[in-house]
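Accompanying notes for the structure given below.
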Amino acid sequence: GNAVTLQNITLEHAAIADAERSYHTLDIYGSPDVTLRDITLNRNFDSAPGGAAMVLNGSNVTVEGNLDITVGGSAWYGVNVDAETAASSLDIMNAAVSFTGGSLAFVLMENGGTVAYPAGNWLKYEYEAEGKKYTALLPAAASVDGQAYATIAEALAALDEGETFVLTSDTHEDVVIDDSNVTVKCAAGVTFDGILTLASGTSGIILDDFSLDYDYQDGDKKNPDYGNILINGNSQTLKNCSFVAKYNPDDSQAIGSNFGMVRINEGTGITIENCTFKTNTFSIFPAMKTGTITGCTFEPIDENRPLC
């Protein structure tokens, strides 16, 4: 198996996938001080005998950098934190976690095992089975001011002026922001590949640390009608964002005069600062009356097209 049994150890820059040999992909037993840094675990195999991507028993583990976990097939869940033999804990407060597991839980805690986690990124469920208590963490779709929601629709319904809306899981679902004076973000490691619209009549919306990553070849997507980021209203701000999109070059709309990865439809006082743009069409198509673009970088995909 893949066992970590030493004390005060750091495991970093590792990718582990085990289809048959062991019950779990990574076992951490009796290790009171372990740091994981930039780790990828794959437990998406029908041939594996159940199990989890990672099991902690009598161990305290802190995750730094990226933690990417994929489970499926015969797997039970992503991570098991079990304090049956001694105290066990997992700390992901400062990690960028990516979890792919369908309806499976990311973490299952039992026998008093604990997890320190950003509350807005995960939904906590407590239940009892065969007289034993368990706590499970499942990915939230989005959060509002740190409150996690199971769906984007629920989070948008709760969003109000002055609050912050955060996408906490990768999504291709379209999002419409129709509240003024709100901040819209992606959590660390989360990317968006749908259509984001700042609605007409809104103002003062700040798009901060937002990450678009769209590729028409991923799932055989159809090009959006006008672009992926549609800006309406006045005094909207885009800052510290990453916009990446590759469109089908055989679709004439993708190179038409009304198409842009970021399409500004209307409004005054639009500010774009410290953003990166990478695409094979117009990075920005502005129909705005006034605005500024500062500190941005532009990189073509396949062919160089005008900035706007």
Side-chain angles (χ1 to χ4, degrees), residues 44 67-72 75-79 92-93 95-109 115 117-127 134-202 205-215 218-222 224-225 227-233 236 241-243 245:
N44 187 17
L67 175 63
D68 298 324
I69 292 181
T70 300
V71 293
W76 300 333
Y77 33 71
V79 180
I92 56 171
M93 286 295 296
V97 178
S98 175
F99 175 68
T100 303
S103 61
L104 297 177
F106 166 55
V107 175
L108 184 73
M109 293 168 265
V115 178
Y117 61 94
N121 293 11
W122 305 96
L123 295 163
K124 180 180 177 181
Y125 296 95
E126 296 178 337
Y127 66 97
Y134 298 90
T135 301
L137 296 182
L138 279 77
S143 70
V144 175
D145 277 6
Q147 174 65 51
Y149 292 90
T151 68
I152 290 174
E154 290 174 336
L156 290 174
L159 183 63
D160 203 355
E161 187 168 341
E163 295 180 328
T164 297
F165 171 89
V166 181
L167 286 173
T168 53
S169 294
D170 293 349
T171 183
H172 60 269
E173 183 177 341
D174 294 344
V175 174
V176 178
I177 305 296
D178 54 14
D179 291 281
S180 294
N181 302 312
V182 297
T183 299
V184 180
K185 305 167 69 78
C186 285
V190 170
T191 57
F192 174 77
D193 71 348
I195 299 174
L196 173 70
T197 302
L198 307 189
S200 295
T202 61
I205 298 174
I206 300 173
L207 206 61
D208 186 13
D209 280 326
F210 196 86
S211 181
L212 169 72
D213 190 356
Y214 177 91
D215 188 339
D218 183 9
D220 194 27
K221 297 185 180 74
K222 178 183 180 296
D225 291 337
N228 284 96
I229 308 295
L230 307 180
I231 309 298
N232 303 286
Q236 318 287 35
C241 298
S242 172
F243 301 115

Note to self: Please list all pairs meeting ring pair (Phe, Tyr, Trp, His ring centres under 6.0 Å) that have one or both residues in residues 168-187, counting only residues at least two apart or in different chains.
What the structure shows: none
Next item on the list: Report the residues that fulfil side chain to side chain contact (heavy atoms under 4.5 Å, CB included) with A155, sequence neighbours left out, ordered by chain and then residue number.
Entry: A142, V144, Y149, F165
Notebook entry, point to check: Who are the ring pair (Phe, Tyr, Trp, His ring centres under 6.0 Å) partners of F106, not counting sequence neighbours?
Noted result: F99, W122
Notebook entry, point to check: When rounded to the nearest 0.5 angstrom, what is the spacing between CG in D213 and CG in D218?
Noted result: 8.5 Å
Margin query: Please determine whether side-chain contact (heavy atoms from CB on, under 4.5 Å) holds for the pair L104 and W76, giving the CA-CA distance in whole Å, both sets of side-chain angles, and the decisive distance to 0.1 Å.
Written below: CA-CA 7 Å; L104 297 177; W76 300 333; over 6 Å; no
Note to self: Looking at every heavy atom in both V115 and L137, which two are closest together, and how far apart are they?
What the structure shows: CG1-CD1, 4.0 Å
Margin query: Run the side-chain contact (heavy atoms from CB on, under 4.5 Å) test on Y117 and V97 for me, step by step, so that the C-alpha distance in whole Å, both residues' side-chain angles and the decisive distance to 0.1 Å come before the verdict.
Written below: CA-CA 10 Å; Y117 61 94; V97 178; over 6 Å; no
Check: Rounded to the nearest 0.5 Å, how far apart are CD1 of I206 and OG1 of T183?
Finding: 4.5 Å
Next item on the list: List the atom of N232, the atom of Q236, and the distance in Å for their closest heavy-atom pair.
Entry: O-NE2, 2.8 Å
Note to self: Quick one, Y77 and V107 - any side-chain contact, counting heavy atoms below 4.5 Å?
What the structure shows: no
Note to self: Let me confirm one number: the CZ-CZ distance from F210 to F243, rounded to the nearest 0.5 Å.
What the structure shows: 7.5 Å
Note to self: Tell me every residue that passes side chain to side chain contact (heavy atoms under 4.5 Å, CB included) with A119, counting only those two or more places apart in sequence or in another chain.
What the structure shows: none
Notebook entry, point to check: Residues in side chain to side chain contact (heavy atoms under 4.5 Å, CB included) with A153, at least two apart?
Noted result: T151
Next item on the list: Without swapping roles, check the side chain of S169 against the backbone of A140 for a donor-acceptor pair under 3.5 Å.
Entry: yes
Checklist line | Residues in ring pair (Phe, Tyr, Trp, His ring centres under 6.0 Å) contact with Y134, at least two apart in sequence or another chain | finding: Y127
Item checked: side-chain contact (heavy atoms from CB on, under 4.5 Å) assessment of L196 paired with L207 -> CA-CA 10 Å; L196 173 70; L207 206 61; 3.5 Å; yes
Note to self: As an exercise, state the distance from OG1 of T100 to CG of N44, rounded to the nearest 0.5 Å.
What the structure shows: 9.0 Å
Check: Can you list the residues that meet the side-chain hydrogen bond (donor to acceptor under 3.5 Å, both in side chains) rule with N181, with sequence neighbours excluded?
Finding: E161
Note to self: Considering only residues two or more places apart or on different chains, which pairs with a residue in residues 189-198 satisfy side chain to side chain donor-acceptor pair (under 3.5 Å)?
What the structure shows: D193-K221
Check: For the residue pair T202 and A199, what are the closest heavy atoms and their distance?
Finding: OG1-O, 2.6 Å
Checklist line | Pairing residues for E126 by the salt bridge (Lys or Arg N to Asp or Glu O under 4.0 Å) criterion, not counting sequence neighbours | finding: K124
Note to self: Taking side chain to side chain contact (heavy atoms under 4.5 Å, CB included) as the definition, give me every residue that meets it alongside S143, ordered by chain and number, with sequence neighbours left out.
What the structure shows: V166, T168
Next item on the list: Please examine the side chains of I92 and N121, heavy atoms only from C-beta on, and report whether any two atoms are closer than 4.5 Å.
Entry: no
Notebook entry, point to check: Rounded to the nearest 0.5 Å, how far apart are CD1 of I205 and CD1 of I231?
Noted result: 8.0 Å
Next item on the list: Can you run down the salt bridge (charged side-chain N to carboxylate O under 4.0 Å, His left out) pairs that involve residues 162-187, sequence neighbours left out, and say none if there aren't any?
Entry: K185-D208, K185-D209
Checklist line | Non-neighbouring partners of N228 that pass side-chain hydrogen bond (donor to acceptor under 3.5 Å, both in side chains), sequence neighbours left out | finding: Y247
Next item on the list: Taking the side chain as every heavy atom from C-beta outward, state whether I177 and L156 have any pair of such atoms under 4.5 Å apart.
Entry: yes
Margin query: Working to the nearest 0.5 angstrom, can you tell me the gap between L212 CG and S242 OG?
Written below: 8.0 Å
